[in-house]
Amino acid sequence: MCRSIKTLFNFDPPATDEEIQAASLQFVRKLAGFNAPSKANEEAFRLAVEEVAAAADKLLKSLVTNAPSRNREVEIQRARARSVKRFGPKPQ
């Protein structure tokens, strides 16, 4: 799957509409195989992004969990630590 699509469920604060839209755009780009559609496919691409965003929003609002909400800052730090372990420190 596309690595730039991030988990959006069970965070405090909850995912924003912009985050859902961005994930939907990445998903449609991955399925379509291109970043920007041609003029002929522009409307179908836009509609697909809207529909995926609506489905994602509906899904996120309907999911339930007993687990405590995750903290975004902690998750970012964990991701950075995994990146350093996998790729090494960033060159300065």
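Bear in mind the structure is a predicted one, so any value in this text is a computation, not a measurement.
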If you round to the nearest 0.5 Å, how far is CD of E50 from CD of Q21?
7.5 Å
When you look at R46 and E42, which way does the salt bridge (Lys or Arg N to Asp or Glu O under 4.0 Å) test go after all the steps?
CA-CA 6 Å; R46 184 193 61 74; E42 199 170 68; over 6 Å; no
Are any side-chain N or O atoms of N10 and backbone N or O atoms of P68, one a donor and one an acceptor, separated by less than 3.5 Å?
yes
Any donor-acceptor N/O pair, E75 side chain to R72 backbone, under 3.5 Å:
no
R29 side-chain N/O to N35 backbone N/O, donor-acceptor pair under 3.5 Å
yes
Look only at the side chain of N71 and the backbone of V74, and say whether a donor-acceptor pair between them is shorter than 3.5 Å.
yes
If only atom types and distance count, is the side chain of R70 paired as donor or acceptor with the main-chain N or O of D12 below 3.5 Å?
no
Show the nearest heavy-atom pair for residues L8 and A23, with the distance to one decimal.
CD1-CB, 4.2 Å
Answer yes or no: is there a side-chain heavy-atom contact under 4.5 Å between F9 and L59?
no
For S24 and A56 the tightest heavy-atom approach is OG-CB, 4.5 Å
Side-chain (S83) to main-chain (A79) donor-acceptor, under 3.5 angstrom:
no
Under a 4.5 Å cut-off applied to non-hydrogen side-chain atoms, are P14 and F11 in contact?
no
Exercise: identify the closest heavy-atom pair between I20 and A15
CG1-CB, 4.4 Å
Indicate yes or no: does E73 engage R78 in a salt bridge with an N to O separation below 4.0 Å.
no
